[in-house]
Colleague: 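Following this message is one structure expressed as structure tokens.
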Amino acid sequence: MSDHTGLDGLHPDTLLVHSGTLRSPHGETSEALYLNSGFTYESAAEAEARFKGEAEGYVYSRYGNPTVTMFETRIAALEGAEAARGTASGMAAVFASLASYLRAGDHVIGAKAVFGASRAIIEEILPRFGIESTVVDGRDLDAWRAAIRPNTRVLFCESPANPTLDIVDIEGVAGIAHDAGAILMVDNVFATPLLQRPLKFGADVVIYSATKHIDGQGRCLGGVILSTTKFIEEHVQGFLRQTGPTLSAFNAWVMLKGLETLTVRVERESASAAKIADFLSEQRGIARVMYPGRADHPQAALAKRQMASGGPLVAFSLDGDKDATFRFLDALRVIKISNNLGDAKSLIAHPATTTHQKLSDEAKAELGITAGTLRLSVGLEHADDLITDIAQALTKV
Ligand SMILES: *Cc1c(COP(=O)(O)O)cnc(C)c1O
């Protein structure tokens with residue numbers, strides 16, 4: 001029994017609590033966790049019909065599972081997408097989106113400022129299968145245009161981008177993709193599904209690491225791909241089914257419960273992030289604050305057009321070398337040092353020595369990553385406690 005009728009036109013907060021619920025005959029309030037790999041059939045004929053796709057119903061949890069379906073339906077309702085498929089991790093979602101659509105001889109263009117593993121897929125893994133790639137400065141529409149080739153089929157970006165929170169003009173890049181007969185895929189993790197809807201700006205596929213704000217409490221890995229029913233059915237579904245990077249029912253259940261509180265968490269975290277960004281901009285010893293919600297962000301107007309608020313991440317650069325920056329990090333008491341993000345706990349990363357360590361000095365400079373650059377993922381602690389923590393650590397620099 002499905003329980004998502006009558007929800008059309010309601011607010012995200014409401015959709016995130018009720019959409020997609022498949023209530024069993026027991027009438028449970030919280031969604032059931034279907035922790036089973038297989039399904040049984042009333043008859044051999046029924047098994048045959050389900051395998052042929054002529055009868056409704058589940059076949060095997062690698063293909064689909066009721067708890068996973070609830071998660072997929074709920075996030076699709078929030079995003080305004082026709083269809084969604086869960087994956088085992090965010091990287092499985094990135095790889096499946098690209099690998100299910102591209103084939104040998106195709107060309108993909110990626111923004112330089114994306115999650116490190118996504119860049120490795122575009123620049124190292126896909127070329128091994130005969131898929132050519134080019135990376136460009138995602139902020140520069142002319143660079144996207146200049147990189148287009150007759151065989152370009154996908155443009156891929158992130159906005160805000162990791163780690164310096166540069167903004168990509170999604171509508172602009174989508175237009176360039178469509179003029180060339182290509183599609184645009186957007187990794188929307190940093191904006192969260194609440195604050196930015198890439199589909200509205202012309203993106204064709206939206207990807208999340210659900211590990212981040214969707215779970216939001218640092219527990220499980222997961223990912224999701226959202227698009228049209230046509231794209232999901234023609235490309236993604238078969239690829240996932242045959243290659244197996246399936247979202248586990250348990251992780252889907254955790255994510256489903258995470259969605260219920262997404263609005264409350266992301267609003268609170270974003271409000272704290274805005275306060276922290278303002279505080280940082282007034283401190284001596286800070287060379288640069290990058291926050292999409294501040295008027296001094298180099299692309300503030302674009303950020304305002306695309307995003308409902310500045311979001312839960314802040315990037316800033318200390319006016320110091322690596323040693324000074326490490327002294328700051330080691331002095332923090334409440335904020336934890338971690339490369340993860342989107343947790344209830346505030347987490348801070350030093351991209352130059354962790355997430356972006358592998359890049360050459362030149363590539364780091366190109367992305368604006370210095371020895372003093374830090375990326376802060378703001379959690380659910382009281383904003384004043386986080387500011388006090390940062391202030392005392394700044395005195396150690
Ligand atoms: C974390 C992250 C990923 C990868 O997600 P996993 O769940 O760790 O596989 C991809 N893109 C962005 C922007 C991320 O932050």
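In each ligand, atom 1 is the first atom listed, and ligand 1 is the first ligand listed. Sequential numbering from 1 along the given sequence is applied to the chain's residues.
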Colleague: Less than 4.0 angstrom from a charged side-chain N to a carboxylate O is my criterion; do Asp166 and Arg139 meet it?
Modeller: yes
Colleague: Is it true that Arg50 and Glu56 make a salt bridge, defined as a side-chain N closer than 4.0 Å to a carboxylate O?
Modeller: no
Colleague: If we ignore angles and hydrogens, is there a donor and acceptor under 3.5 Å between the side chains of Glu79 and Tyr208?
Modeller: yes
Colleague: Show the atoms of ligand 1 that are less than 4.0 angstrom away from any heavy atom in Gly90.
Modeller: 5 (O), 6 (P), 7 (O), 9 (O)
Colleague: Identify the protein heavy atom lying closest to atom 11 (N) of ligand 1, giving its residue, its atom name and the separation to 0.1 Å.
Modeller: Asp187 OD2, 2.6 Å
Colleague: Any side-chain heavy atom of Val205 sitting closer than 4.5 Å to one from Phe231?
Modeller: yes
Colleague: Would you please determine whether Asn162 falls within less than 4.0 Å of ligand 1 on a heavy-atom basis?
Modeller: no
Colleague: List ligand 1 atoms under 4.0 Å from Thr211, heavy atoms only on the residue side.
Modeller: 6 (P), 7 (O)
Colleague: On a heavy-atom basis, I'd like to know which of Glu158, Lys212, Met91, His213 is closest to atom 2 (C) of ligand 1.
Modeller: Lys212
Colleague: Quiz question: by atom type and distance under 3.5 Å, do the side chains of His213 and Thr192 form a donor-acceptor pair?
Modeller: no
Colleague: If you have a sec, work out which protein heavy atom is nearest atom 8 (O) of ligand 1 and how many Å separate them, to one decimal?
Modeller: Ser209 OG, 4.2 Å
